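Beneath this line is the structure, given in structure tokens, with notes to follow.
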Number of protein chains: 2
Amino acid sequence: MVTIAAPRLIDRLRSQRTQAPEGDLFDPDCPTRLVLDRIGDKWTALVVLLLSDGPMRFSELRGQLGRIAPKVLTQTLRRMERDGLLTREVFAEVPPRVQYTLTDLGHSLSGPLAAIGDWAEANVGRITAAQTAYDAVPGN
Amino acid sequence: MVTIAAPRLIDRLRSQRTQAPEGDLFDPDCPTRLVLDRIGDKWTALVVLLLSDGPMRFSELRGQLGRIAPKVLTQTLRRMERDGLLTREVFAEVPPRVQYTLTDLGHSLSGPLAAIGDWAEANVGRITAAQTAYDAVPGN
DNA sequence: GTACTCAGTATCCATTGGTTACTGTCGGCA
DNA sequence: TGCCGACAGTAACCAATGGATACTGAGTAC
């Protein structure tokens with residue numbers, strides 16, 4: 001479980017309604033938004049969850065992630081490396097071996113992400129039910 | 001049908017390495033993945049956080065979200081309505097008024113999402129530092 | 001010398017997100 | 001009577017991201 005010193009976002013949110021937005025999550029120019037955009041891309045969250053169990057190599061990740069295109073996996077991993085979420089080690093062997101390991105920063109993210117994952121698994125049923133109900137209405 | 005007596009995702013993850021992937025998050029055909037993709041789109045998370053404080057109308061959301069295109073906001077809200085995360089009420093007034101309210105399902109998501117938001121705010125500094133460090137290396 | 005492994009690139013195409021302009025209704029104003 | 005503005009969107013078009021498939025390069029096994 002990751003303990004976080006910052007004031008809770010939700011409290012910021014409350015006060016932020018009335019005052020000028022300054023350095024907050026909802027300012028599109030705030031770097032925090034960039035962080036959210038990053039986590040919210042298609043694969044980053046899954047990679048963090050996979051690596052939270054230990055280092056993996058490229059082809060292992062590729063296998064676990066289902067149908068990810070290698071180009072996209074490379075992009076994702078490079079971005080994550082740049083963001084300090086993981087490290088990339090190349091072993092000078094043949095065939096080549098490249099190992100990806102979560103940093104402390106990456107590990108600190110896996111807790112919150114796992115919570116989202118749990119929420120998703122716990123609520124798929126309700127969501128698909130809501131979808132079929134919605135689609136059953138002629139107007140929609 | 002989706003069985004939902006979910007053990008913690010992270011535990012699943014541990015065991016899942018050795019056994020056949022079946023109904024798990026990393027199977028691209030599992031509906032849970034679709035849920036993650038949805039939450040992981042560009043705006044849904046922000047909308048949930050904004051609405052967790054109470055109902056808002058279209059133009060309020062638009063204002064708070066910075067520079068979101070109206071088309072994209074409409075798409076996002078319709079999808080969320082379809083997924084049962086929020087309800088949409090139209091008041092037959094002039095000028096028209098449309099109010100968006102989180103459902104219980106939506107509220108249940110705001111906790112985990114706020115944790116992610118808190119993480120982001122707490123770690124922007126480390127991330128941007130990692131980025132500049134990465135970019136300072138000539139090879140990258 | 002051919003085949004195979006791994007970790008990617010290169011090339012091209014599909015889907016999503018974004019920008020700008022426009023619609024429809026009605027009340028207020030001149 | 002005609003025009004303006006508010007609100008909640010659509011319509012049409014363009015940019016960026018994601019995805020599928022084929023190919024590269026080094027060296028070891030056959």
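Remember, it's a predicted structure, so these values are computed and weren't measured experimentally. Every chain is numbered from 1 and lettered A, B, ... according to where its sequence line falls, protein lines coming before strand lines.
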Report summary line: Here the distance between atom P of C:dT5 and atom CZ of A:Phe58, to the nearest Å, is 16 Å

Query - Bending between helix ends of the helix from C:dG1-D:dC30 to C:dA30-D:dT1 [5 pairs per end, 10° resolution] - result: 20°

Report task. Following the transitive rule for hydrophobic clusters with a side-chain heavy-atom cut-off under 4.5 Å over Ile, Leu, Val, Met, Phe, Trp and Tyr, establish whether B:Val124 and A:Leu85 coincide in one cluster. Result -> yes

Requested in this report: Give a yes or no on this: more than 12 heavy atoms of other residues, nucleotides or ligands lie within 6.0 Å of atom CG of A:Asp135.
Outcome: yes

Which pairs of donor and acceptor atoms, one on a side chain in residues 72-79 of chain A, lie under 3.5 Å apart (sequence neighbours left out)?
from	atom 1	to	atom 2	distance (Å)
A:Thr74	OG1	A:Pro70	O	2.9
A:Thr76	OG1	A:Val72	O	2.8
A:Arg79	NH2	A:Asp41	OD2	2.8

**Report entry** Interatomic distance where CG belongs to B:Leu65 and P belongs to C:dG18 [whole Å]
**Finding:** 11 Å

Report task. Provide, to the nearest angstrom, the distance between the CZ atom belonging to A:Arg88 and the P atom belonging to C:dC6. Result -> 17 Å

Report task. May I ask you to say what B:Arg97 touches in the nucleic acid, namely base, sugar-phosphate or nothing, with a heavy-atom cut-off under 4.0 Å? Result -> sugar-phosphate

Query raised in the report: Going 5' to 3' along DNA chain D, which nucleotides are the first and last within contact of chain A (any atom under 4.0 Å from a heavy atom)?
Result: D:dG18 to D:dG27

Query - Residue-level proximity of residues 74-84 of chain A to DNA chain C when a heavy atom falls under 4.0 Å - result: A:Thr74, A:Arg78

Report summary line: Smallest heavy-atom separation, B:Thr103 atom then B:Gly84 atom, equals OG1-O, 2.6 Å

Query raised in the report: Where along nucleotides 24-30 of chain C does protein come under 4.0 Å, by heavy atom, of base (B) or sugar-phosphate alone (S), with - for untouched nucleotides?
Result: BBB----

Query raised in the report: Shared ILVMFWY cluster between A:Leu86 and A:Leu65, side chains joined below 4.5 angstrom?
Result: yes

Requested in this report: Could you tell me the separation between the CH2 atom of A:Trp43 and the P atom of C:dT16, rounded to a whole number of Å?
Outcome: 14 Å

Query raised in the report: With a 4.5 Å limit on heavy-atom distance, are the side chains of A:Lys42 and B:Asp37 in contact?
Result: yes

Report task. Kindly write out the residues that satisfy side-chain hydrogen bond (donor to acceptor under 3.5 Å, both in side chains) with A:Arg57, not counting sequence neighbours, or none if the list is empty. Result -> none

Query raised in the report: Is the closest side-chain heavy-atom distance between A:Met56 and A:Gln64 below 4.5 Å?
Result: yes

**Report entry** Flag side-chain contact, heavy atom, 4.5 Å: B:Met80 against B:Asp83
**Finding:** no

Query raised in the report: Can you check whether A:Ile39 reaches A:Val48 side chain to side chain, under 4.5 Å on heavy atoms?
Result: no

Requested in this report: Establish whether A:Leu61 and A:Val90 are linked, either directly or via other cluster members, by ILVMFWY side-chain heavy-atom contacts under 4.5 Å.
Outcome: yes

**Report entry** Rounded distance in Å - CG (A:Leu61) to P (C:dA7)
**Finding:** 10 Å

**Report entry** Nucleotide nearest A:Arg57 (side chain, heavy atoms from C-beta), chosen from C:dA7, C:dG18, C:dG8
**Finding:** C:dA7

Query raised in the report: Under the 3.5 angstrom rule, does the side chain of A:Thr132 hit a backbone N or O of A:Thr128 as a donor-acceptor pair?
Result: yes

Report summary line: Ranking A:Tyr100 and A:Lys71 by the position along DNA chain C of their nearest nucleotide, the one closer to 5' is A:Tyr100

Query raised in the report: About how many Å separate CG of B:Leu105 and CH2 of A:Trp119, when rounded to the nearest 0.5 Å?
Result: 4.5 Å

Query raised in the report: What is the distance from CZ of B:Arg62 to C1' of C:dG18, rounded to the nearest Å?
Result: 12 Å

Query raised in the report: Atom CG of B:Leu73 and atom P of C:dT20: how far apart are they, to the nearest Å?
Result: 17 Å

Requested in this report: For A:Val98, report the nucleic acid contact type (base, sugar-phosphate, nothing); a contact means any heavy atom under 4.0 Å.
Outcome: sugar-phosphate

**Report entry** Heavy-atom donor-acceptor pair, B:Ser110 side chain to B:Ser52 backbone, under 3.5 Å
**Finding:** no

